[in-house]
2 protein chains.
Amino acid sequence: MEEKEIYKYEYPHPAVTADCVIFGFDGKSLRILLIERGVEPFKGSWALPGGFVRIDETVEEAAIRELQEETNVKGVYMSQLGVFSKVDRDPRERVITVAFYALVKPTDHDVIGGDDAASAQWFSLDDYPIPVFDHEQIIKAAYAQLQRNFRAGNVGLEMFEDKFSISQLYLLHSLVTQKDIDRRNFYKKMTSYDYIEPTNEKMSDTPHKPSQLFSIDRMTYDSELKESFNLIRFDLDEKTDDDKLKTNKKK
Amino acid sequence: MEEKEIYKYEYPHPAVTADCVIFGFDGKSLRILLIERGVEPFKGSWALPGGFVRIDETVEEAAIRELQEETNVKGVYMSQLGVFSKVDRDPRERVITVAFYALVKPTDHDVIGGDDAASAQWFSLDDYPIPVFDHEQIIKAAYAQLQRNFRAGNVGLEMFEDKFSISQLYLLHSLVTQKDIDRRNFYKKMTSYDYIEPTNEKMSDTPHKPSQLFSIDRMTYDSELKESFNLIRFDLDEKTDDDKLKTNKKK
DNA sequence: CCAAAAGTGTTACGAATACACCCATGA
DNA sequence: TCATGGGTGTATTCGTAACACTTTTGG
């Protein structure tokens with residue numbers, strides 16, 4: 001054990017982790033993705049997916065990597081939430097965490113526990129096991145942030161891989177903002193955006209009128225939304241720490 | 001030298017720093033506060049005030065402490081900007097930094113270089129020495145954030161310790177948002193807020209009509225603004241990591 | 001009396017709100 | 001045929017934007 005302690009510093013260094021708050025919307029309700037810890041401390045308890053930032057990767061890379069390793073979720077657009085650095089937030093040693101959050105469609109991702117996670121599971125946002133460390137605080141902060149973004153006008157289309165119906169989007173907005181939005185006004189507003197385009201496909205899986213499907217003009221959507229919000233999005237193969245600041249240069 | 005390397009870890013740990021982007025508005029122009037480094041690396045070059053997070057303090061505490069130590073600026077309301085973690089951003093070792101930003105009145109603070117800073121100085125935002133590390137990127141990101149906040153409706157009153165005139169505020173908004181705002185509409189809007197109250201004092205220090213001074217109902221201002229923005233403010237004696245999350249205590 | 005900045009009122013437009021009925025489908 | 005959810009139009013309100021002249025002071 002002593003043998004392995006080979007990294008020496010003149011001053012004490014904190015460990016740094018990246019944690020991911022992944023919200024899911026399956027068309028019916030809001031969910032949150034937690035993992036069952038497969039290692040100590042708190043083995044067997046639930047926690048946010050995440051883990052230590054390696055010495056040769058950015059915090060964004062760590063977040064993506066850990067999320068994929070522990071839950072098999074990949075290719076989502078995450079945003080930085082903030083840093084949580086209470087001195088005693090981890091019993092092992094001083095750990096500072098950088099939290100990220102994202103909103104995805106659970107159905108687009110086969111959730112499989114892996115690596116340090118015994119399992120990974122979606123829970124209802126209304127009823128999930130209280131996670132360990134200060135992860136409950138982080139979830140609360142992430143949800144508050146999500147809510148602020150939606151209330152400030154974020155459309156939340158980054159979660160849809162492909163087609164969607166306005167009524168799905170309506171339900172999502174109702175759930176997130178916790179306001180009862182007028183359905184007619186919502187339809188009007190959404191269809192007025194130039195990045196939301198009607199297709200001639202319809203979807204019918206319930207006993208009622210089939211819903212019209214819309215597609216997203218991703219280019220237009222991204223350019224309009226990146227300007228007004230600080231949505232830093234990154235994917236597996238992006239060099240994100242750079243991109244974060246390239247907003248002017250790009251496109 | 002070997003003797004001092006007494007902190008050992010099983011895995012490599014990054015160092016963590018907190019850096020502060022302090023914008024100043026003196027009633028005429030926007031400034032930025034930089035320090036001249038008094039230690040290697042880059043001794044003699046300019047950089048953002050900031051430094052290493054101690055093992056027993058939060059990143060917020062580190063930001064406040066370093067700012068005070070290096071520039072004598074204290075008691076400002078800072079917000080977390082984000083984490084910058086490019087692997088090679090510091091030549092010494094792997095350093096992850098948490099950036100904060102604030103807007104203050106330079107005249108309220110006697111800027112004195114101290115500690116690791118040979119000197120501290122306000123520069124015009126239009127013409128300042130390019131700082132070392134990736135601090136230029138951080139400044140750009142902070143300014144973008146400040147601009148977003150103002151454009152989204154932040155009033156920016158947190159920088160005024162006491163009284164202010166609408167024309168001062170007007171100039172500030174013009175400078176930050178880079179838009180030419182209609183002066184009449186601006187006056188109307190500002191005086192309509194219930195947290196901006198007219199006093200019967202006037203201020204006259206230039207050859208023209210003296211300007212009416214207004215005062216801030218800090219309670220109302222804070223409560224209204226903290227809801228719509230994620231302005232995490234903290235002062236020297238606050239336990240901020242907690243406060244940050246206390247806003248949504250229980251549903 | 002002139003320059004320089006402070007202060008003020010009205011109209012116009014557009015976005016957000018409030019509100020109710022018909023349609024298509026599967027059971 | 002009916003229960004369920006999808007889809008649509010219009011009037012009102014409110015905040016934002018456009019617009020120019022008078023006032024006060026120091027030089």
Side-chain angles (χ1 to χ4, degrees), chain A residues 25-29 149-156 160 163-215 224-225 228, chain B residues 25-29 149-155 160 163-215 224-225 227-228:
Chain A
F25 174 66
D26 56 8
K28 292 201 181 305
S29 64
N149 280 354
F150 267 66
R151 291 212 238 242
N154 181 26
V155 181
F160 293 100
K163 310 280 170 60
F164 64 96
S165 75
I166 305 285
S167 54
Q168 279 181 316
L169 198 55
Y170 171 75
L171 183 54
L172 172 63
H173 277 247
S174 302
L175 286 170
V176 171
T177 61
Q178 313 254 50
K179 305 203 159 190
D180 46 304
I181 307 155
D182 184 276
R183 221 161 35 82
R184 283 163 292 186
N185 294 333
F186 186 79
Y187 271 68
K188 206 188 315 171
K189 194 175 179 181
M190 289 305 134
T191 49
S192 78
Y193 289 139
D194 51 357
Y195 47 79
I196 293 185
E197 298 164 337
T199 67
N200 25 18
E201 292 172 64
K202 289 182 181 241
M203 187 191 61
S204 156
D205 48 10
T206 38
H208 51 258
K209 191 173 179 179
S211 41
Q212 167 100 29
L213 287 178
F214 290 79
S215 67
E224 292 204 12
L225 272 285
S228 22
Chain B
F25 175 65
D26 56 6
K28 292 202 181 303
S29 64
N149 281 353
F150 268 66
R151 292 212 235 239
N154 181 26
V155 182
F160 292 99
K163 311 279 171 58
F164 64 95
S165 74
I166 304 285
S167 55
Q168 279 181 315
L169 199 55
Y170 171 76
L171 183 54
L172 173 62
H173 278 247
S174 302
L175 286 170
V176 171
T177 60
Q178 313 254 51
K179 306 203 157 190
D180 46 304
I181 306 155
D182 184 275
R183 233 177 59 253
R184 281 164 292 187
N185 294 333
F186 187 79
Y187 271 69
K188 208 187 315 170
K189 194 176 181 180
M190 290 304 134
T191 48
S192 78
Y193 290 140
D194 52 356
Y195 48 79
I196 293 186
E197 298 163 335
T199 66
N200 25 20
E201 293 172 65
K202 291 182 182 241
M203 187 191 63
S204 159
D205 48 12
T206 37
H208 51 259
K209 194 175 179 178
S211 40
Q212 168 100 28
L213 287 176
F214 290 80
S215 67
E224 293 203 14
L225 272 285
E227 276 162 32
S228 21

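For clarity, every value in this text was computed on a predicted model and none was experimentally measured. Proteins get letters first, then strands, A, B, ... in listed order; numbering begins at 1 in each.
For A:N185, taking side-chain heavy atoms from C-beta onward, the closest of the listed nucleotides D:dT4, D:dG7, D:dG9 is D:dG9.
When the C1' atom of D:dG7 is taken as reference, atom CG of A:L213 falls 14 Å away, rounded to whole Å. In this structure, A:I196 places its CD1 atom 13 Å from P of D:dG7, rounding to the nearest Å. When rounded to the nearest whole Å, the span between CG of A:D182 and P of D:dT13 equals 17 Å. Counting to the nearest Å, the P atom of D:dG7 and the CZ atom of A:R183 are 9 Å from each other. The distance from atom CG of A:L171 to atom P of D:dG7 is 14 Å, rounded to the nearest whole Å. In this structure, the CZ atom of A:F164 is 15 Å from the C1' atom of D:dG6, given to the nearest Å. Atom CZ of A:R184 is separated from atom C1' of D:dG5 by 14 Å (rounded to the nearest Å). In this structure, A:F214 atom CZ and D:dG6 atom C1' are separated by 11 Å, rounded to whole Å.
A side-chain donor-acceptor contact under 3.5 Å links A:Y170 to the backbone of A:I181. One N or O on the side chain of B:H173 and one on the backbone of B:V155 form a donor-acceptor pair closer than 3.5 Å. Distance alone, capped at 3.5 Å, is enough to place a donor-acceptor pair between the B:D26 side chain and the B:S29 backbone. Distance alone, capped at 3.5 Å, is enough to place a donor-acceptor pair between the B:T199 side chain and the B:L213 backbone.
Every residue was checked against the salt bridge (Lys or Arg N to Asp or Glu O under 4.0 Å) condition with A:R151, not counting sequence neighbours, and none meets it.
Within the model, atoms CD of B:Q212 and OG of B:S165 stand 9.5 Å from one another, a figure rounded to the nearest 0.5 Å.
For the pair A:Y187/A:S167, a side-chain contact is recorded, criterion being any heavy-atom separation below 4.5 Å from C-beta on. Between A:F214 and A:L169 the shortest side-chain heavy-atom distance does not fall below 4.5 Å.
Within a 6.0 Å sphere centred on CG of A:D194, other residues, nucleotides and ligands contribute more than 12 heavy atoms.
One can find a donor-acceptor pair under 3.5 Å joining the base of D:dT10 and the side-chain atoms of A:K188.
Bracketed by its first and final contacts, the part of DNA chain C lying under 4.0 Å from non-hydrogen atoms of chain B reaches from C:dA4 to C:dT10 in 5' to 3' order.
Rotation axes derived from the C1' atoms of the five outermost pairs at either end of the helix from C:dC1-D:dG27 to C:dA27-D:dT1 lie 0° apart, to the nearest 10°.
DNA chain C is contacted by both A:D180 and A:H208; A:D180 maps to the nucleotide lying nearer its 5′ end (nearest heavy atom per residue).
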